[in-house]
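Every chain is numbered from 1 and lettered A, B, ... according to where its sequence line falls, protein lines coming before strand lines. Given the structure is predicted, the values throughout are model-derived calculations rather than measurements.
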Amino acid sequence: MTLENIVTQLTKDAVKALYNIDCTDAQVQLQKTRAEFEGNITLVVFPFVKMARKAPQMVAAEVGEWMATNAAHLVAKYNAVQGFLNLSIADSFWIEQLQAIDAEAEYGKQPDRNQLMMVEYSSPNTNKPLHLGHVRNNLLGYSVAKIQEANGWNVVKTNIVNDRGIHICKSMLAWLKFGNGETPETSGKKGDHLIGDYYVRFDVEYKKQVKELMEAGKDEETAKREAPLMQEAQAMLRKWEANDPEVRALWEKMNEWVYAGFDETYQRMGVSFDKIYYESTTYLEGKSEVEKGLAAGEFYRREDGSVWANLEKDGLDEKLLLRSDGTSVYMTQDIGTAKLRYQDYPINKMVYVVGNEQEYHFKVLSILLDRLGFPFGKELVHFSYGMVELPNGKMKSREGTVVDADDLMDKMVSDAKEISKDKVNTLQGITEEEANEIARKVGLGALKYFILKVDPRKNMLFNPAESIDFNGNTGPFIQYTYARIKSVLRKAESLESLKTLETLKTIEEKELALIQRLCDYPATVRAAGDEFSPAILCNYAYALACDFNSFYHDLSILNEPDAHKRALRLLLAKNVAKVLNAAMALLGIEMPERM
RNA sequence: GGUCCGGUAGCUCAGCUGGAUAGAGCAACAGCCUUCUAAGCUGUGGGUCUCGGGUUCGAAUCCCGACCGGAUCACCA
């Protein structure tokens with residue numbers, strides 16, 4: 001039973017007894033007492049003022065007095081300021097709370113729902129390496145999956161790889177023409193970077209051709225269409241669709257290079273998938289699903305042979321599902337993917353982690369899946385996150401204004417390594433290998449926290465010229481707090497018996513604040529799940545770390561002469577470490593034992 | 001033009017189911033290591049919460065209207 005629940009009930013009893021008011025839980029407004037007033041939890045009495053027909057100050061005072069009298073074991077003191085009743089909760093209550101938290105190994109984990117949630121994230125194209133935009137996607141997707149797991153869902157993490165289409169053919173063609181048989185082995189390049197380089201190369205050569213054609217008198221549109229490279233790429237796509245063995249073999253070889261590169265990046269980023277789907281296999285399913293919808297009268301065919309859905313009664317437009325030549329579009333593929341997924345898993349809730357630029361697409365997909373009879377269609381969640389912007393605007397692959405994921409991680413880890421060199425006294429005696437492992441955790445922790453702490457729905461700015469901080473409201477700050485606690489716990493010979501706590505009746509203000517913060521953790525996990533917001537957990541972890549650092553600064557743990565107090569502080573430190581670790585795990589951030 | 005999202009300190013962001021004097025970090029300045037890890041702690045300065053109306057005991061928060069920025073409305077994905 002949480003303090004909020006207890007005080008809510010107490011309030012209802014009080015206003016019933018004093019004013020004969022029957023109030024609902026929603027009318028009981030509780031908040032943390034502001035620092036400038038004495039107390040731990042504050043009841044806002046304004047909602048009762050009218051019915052009680054008394055001044056706010058009076059109501060607050062009367063309710064406070066009633067509580068202090070009828071629940072003296074809980075409400076130690078109170079003060080009424082205008083319409084705010086500030087309650088000081090008994091120290092014994094907080095000590096009990098701490099012991100209860102300590103007893104729970106998975107504190108914060110919500111009960112199982114026995115419901116399956118599938119979370120799709122990442123969704124890379126196979127023609128270029130991952131960049132900062134993907135990093136935000138991956139970190140959000142992974143974290144949301146962890147958060148929903150903590151909220152009792154069975155979660156299946158999935159990835160849909162866009163491995164077909166004209167863009168892949170561009171890389172393949174450029175490699176054939178200009179590659180001289182270069183491979184990841186011969187060049188030493190990661191496979192995804194190698195392919196990405198040829199994608200860029202295609203664009204360079206293509207632009208040359210367009211320019212030449214335009215100089216020869218063609219208008220831009222014609223030039224773009226008639227450039228030989230584009231013609232060849234399109235021919236290659238047709239061959240691919242026709243299962244031409246040579247094209248398919250090349251495609252498979254190059255895909256393998258890319259996947260090996262992606263795997264390396266994913267692993268480094270610390271994200272993973274339970275099941276991977278490929279558009280090259282799902283797009284055909286989509287076609288047949290559309291044909292079924294056509295037969296059922298949900299869709300219609302135009303004279304030119306193209307197939308459409310009419311969404312006017314949903315307030316939207318008409319939407320193309322199959323081109324006049326019978327080939328599929330993006331939407332068709334997503335329908336096919338949904339079908340396969342539904343065959344593979346008993347999905348109760350489907351979550352798509354995809355940028356906010358695709359809101360319209362998912363609105364339409366939801367309607368179409370629903371019409372096609374997928375139970376998860378109507379309720380699908382498009383977890384729509386904002387773009388990562390650079391100081392001069394959006395990232396564009398072809399213009400070379402992308403921040404590469406691998407480079408960024410390298411930079412973060414090497415920065416962390418550099419900073420740790422000043423820490424010779426705390427990190428002395430560790431091996432080079434351990435030092436590198438710490439730098440890896442800290443560098444990635446800084447990056448992940450930097451990205452996850454901002455509200456996912458909002459666009460965020462990344463300035464490559466300014467390095468990501470390791471001080472202040474950052475991942476390393478929280479990791480550092482954890483490492484500090486671990487250091488203390490290592491020095492404490494053993495956690496002293498909890499029994500000594502039973503004789504402890506009073507606690508310090510900073511201890512109380514910490515326990516109160518720990519008590520907030522389960523509600524924070526729920527909120528992060530309800531809102532699909534890792535940022536909420538970041539804010540919580542930061543606040544907890546701040547509270548601990550303040551406590552640590554003011555009060556000694558190991559040097560405290562009173563054994564009872566020492567035991568309490570050790571227990572407190574241990575549980576702060578536990579909760580920090582748990583919260584950061586839900587963000588996909590690893591904690592170093594020392595740093 | 002329609003729809004959606006955003007506008008809070010010099011910068012990056014919290015706060016938004018209405019509550020007390022709007023918070024952090026960075027940057028700037030001033031302090032704190034013979035005491036459990038200074039990636040820490042303490043302090044100073046910095047605000048017309050874009051603007052204008054409305055709702056009410058009370059508005060950064062809710063409603064309406066402007067202005068500014070972004071996204072989207074493809075036989076691209």
Side-chain angles (χ1 to χ4, degrees), chain A residues 26 29 31 33-34 36-37 42 44-47 49-50 55-56 81-84 86 123 125 162 164-167 279 302 304-308 315-317 319-331 333-334 355-361 363-364 384 386-387 389 393-394 416 419-420 422-423 425-427 442 446 450 453-455 457-463 466 468-481 483-492 535-536 538-539 542-543 545-546 548-550 552-560 566 569-570 573 594-595:
Chain A
Q29 289 182 40
Q31 56 192 45
T33 303
R34 297 188 67 122
E36 58 266 37
F37 300 99
T42 294
V44 183
V45 302
F46 286 106
V49 178
K50 245 181 202 161
V81 182
Q82 297 166 31
F84 301 92
N86 303 318
S123 321
N125 285 353
N162 179 5
R164 63 174 283 277
I166 190 79
H167 47 286
E279 286 192 353
R302 284 189 186 167
D304 62 5
S306 56
V307 176
W308 296 74
L316 301 175
D317 221 334
K319 190 76 193 170
L320 177 83
L321 297 176
L322 288 176
R323 297 193 186 97
S324 47
D325 63 3
T327 56
S328 60
V329 292
Y330 182 34
M331 189 62 72
Q333 294 174 11
D334 265 357
N356 60 13
E357 54 196 356
Q358 291 191 28
E359 269 166 18
Y360 181 70
H361 174 81
K363 211 180 216 176
V364 173
S384 165
M387 301 290 98
E389 286 164 356
K394 262 187 92 170
I419 291 169
S420 72
D422 302 335
K423 313 282 161 203
N425 32 344
T426 55
L427 291 180
V442 172
F450 174 81
K453 81 170 175 187
V454 345
D455 183 339
R457 289 182 298 271
K458 290 189 178 175
N459 287 359
M460 64 178 289
L461 188 95
F462 175 80
N463 188 348
E466 296 169 12
I468 294 175
D469 267 307
F470 288 79
N471 298 318
N473 185 357
T474 66
F477 171 86
I478 296 163
Q479 291 172 318
Y480 177 73
T481 306
R484 250 180 168 181
I485 296 173
K486 284 294 176 167
S487 172
V488 171
L489 294 180
R490 275 193 300 271
K491 285 183 178 155
I536 291 174
C538 288
N539 290 339
Y542 178 62
C546 285
F548 182 82
N549 284 330
S550 171
Y552 180 89
H553 183 263
D554 291 5
L555 303 170
S556 188
I557 301 170
L558 298 176
N559 298 328
E560 166 58 47
R566 199 163 61 233
R569 289 177 193 168
L570 270 172
R594 45 169 60 192
M595 64 185 272

With [atom1] as the reference atom in both, quote the distance from [N] to [M] in angstrom, rounded to an integer.
N: B:G58; M: B:G19; atom1: P; value: 14 Å
N: B:U21; M: B:C4; atom1: C1'; value: 36 Å
N: B:C63; M: B:G6; atom1: P; value: 11 Å
N: B:G47; M: B:U34; atom1: P; value: 37 Å
N: B:U44; M: B:C67; atom1: P; value: 42 Å
N: B:G31; M: B:C11; atom1: C1'; value: 25 Å
N: B:G65; M: B:C5; atom1: P; value: 14 Å
N: B:A38; M: B:G45; atom1: C1'; value: 24 Å

Has A:Asn86 got a side-chain atom pairing as donor or acceptor with A:Thr42's backbone, closer than 3.5 angstrom? no
Within the distance-only criterion (no hydrogens, no angle test), does the side chain of A:Arg323 pair as donor or acceptor with the backbone N or O of A:Val329 below 3.5 angstrom? no
When the distance from [atom1] of [X] to [atom2] of [N] is rounded to whole Å, what number comes out?
X: A:Lys458; N: B:C5; atom1: NZ; atom2: P; result: 13 Å
X: A:Ile468; N: B:C13; atom1: CD1; atom2: C1'; result: 14 Å
X: A:Ile419; N: B:G40; atom1: CD1; atom2: C1'; result: 14 Å
X: A:Asp554; N: B:C32; atom1: CG; atom2: P; result: 18 Å
X: A:Leu461; N: B:C11; atom1: CG; atom2: C1'; result: 9 Å
X: A:Asn549; N: B:U37; atom1: CG; atom2: C1'; result: 11 Å
X: A:Phe470; N: B:G40; atom1: CZ; atom2: C1'; result: 16 Å
X: A:Asn463; N: B:C13; atom1: CG; atom2: P; result: 11 Å

Any side-chain N or O of [X] less than 4.0 Å from the OP1 or OP2 oxygen of [N]?
X: A:Arg484; N: B:A38; value: yes
X: A:Lys363; N: B:C4; value: no
X: A:Lys491; N: B:U37; value: yes

Nearest listed nucleotide, side chain of [X], among [options]:
X: A:Val488; options: B:U37, B:G7, B:C57; value: B:U37
X: A:Ile557; options: B:U37, B:G15, B:C36; value: B:C36
X: A:Ser487; options: B:U37, B:C57, B:G15; value: B:U37

Indicate syn or anti for B:C49, taking the glycosidic torsion and treating anything within 90° of 0 as syn. anti
Report the C-alpha separation of A:Val488 and A:Tyr552 in whole Å, then their side-chain angles, then the decisive distance to 0.1 Å, and conclude whether the side chain to side chain contact (heavy atoms under 4.5 Å, CB included) test is met. CA-CA 10 Å; A:Val488 171; A:Tyr552 180 89; 4.0 Å; yes
Between atom CG of A:Asn473 and atom NZ of A:Lys453, what is the distance when rounded to the nearest 0.5 Å? 4.5 Å
Nearest-0.5 Å distance that lies between atom CZ in A:Arg594 and atom OG in A:Ser487: 7.5 Å
For a side chain to side chain contact (heavy atoms under 4.5 Å, CB included) check, start with the C-alpha distance between A:Phe84 and A:Gln31, then their side-chain angles and the critical distance, and finish with the verdict. CA-CA 10 Å; A:Phe84 301 92; A:Gln31 56 192 45; 4.3 Å; yes
Reckon [X] touches a base, only the sugar-phosphate, or nothing at all at heavy-atom distances under 4.0 Å?
X: A:Val49; result: nothing
X: A:Thr481; result: nothing
X: A:Leu555; result: base
X: A:Asp455; result: sugar-phosphate

Hey, does [Y] have a side-chain heavy atom less than 4.5 Å from the side chain of [X]?
X: A:Leu322; Y: A:Ser306; answer: no
X: A:Phe470; Y: A:Gln479; answer: no
X: A:Phe477; Y: A:Asn549; answer: yes
X: A:Tyr480; Y: A:Thr474; answer: no

Start with the C-alpha gap between A:Arg490 and A:Lys486, add the side-chain angles, then the distance that decides, and say whether side chain to side chain contact (heavy atoms under 4.5 Å, CB included) holds. CA-CA 6 Å; A:Arg490 275 193 300 271; A:Lys486 284 294 176 167; 3.9 Å; yes
Tell me, which stems hold RNA chain B, with a stem being 3 or more Watson-Crick or G-U pairs in a row and both distances under 3.5 Å? B:1-7 with B:67-73, B:10-13 with B:23-26, B:28-32 with B:40-44, B:50-54 with B:62-66
More 5' along RNA chain B: A:His553 or A:Phe450, using each one's nearest nucleotide? A:Phe450
Could you encode protein contacts along nucleotides 67-77 of chain B as a string, one character per nucleotide from 5' to 3', using B for base contact, S for sugar-phosphate-only contact and - for no contact, with a heavy-atom cut-off of under 4.0 Å? ---SSSS-BSB
In B/S/- notation (B base, S sugar-phosphate only, - none; protein heavy atoms under 4.0 Å), nucleotides 19-27 of chain B written 5' to 3' is BB--SSSS-
Considering all heavy atoms, the nearest A:Ile557-A:Arg566 contact: O-CG, 3.1 Å
Let me see the working for A:Asn356 and A:Arg457 under side chain to side chain contact (heavy atoms under 4.5 Å, CB included), right down to the final yes or no. CA-CA 8 Å; A:Asn356 60 13; A:Arg457 289 182 298 271; over 6 Å; no
So does A:Asp304 pair up with A:Arg302, basic N to acidic O under 4.0 Å? no
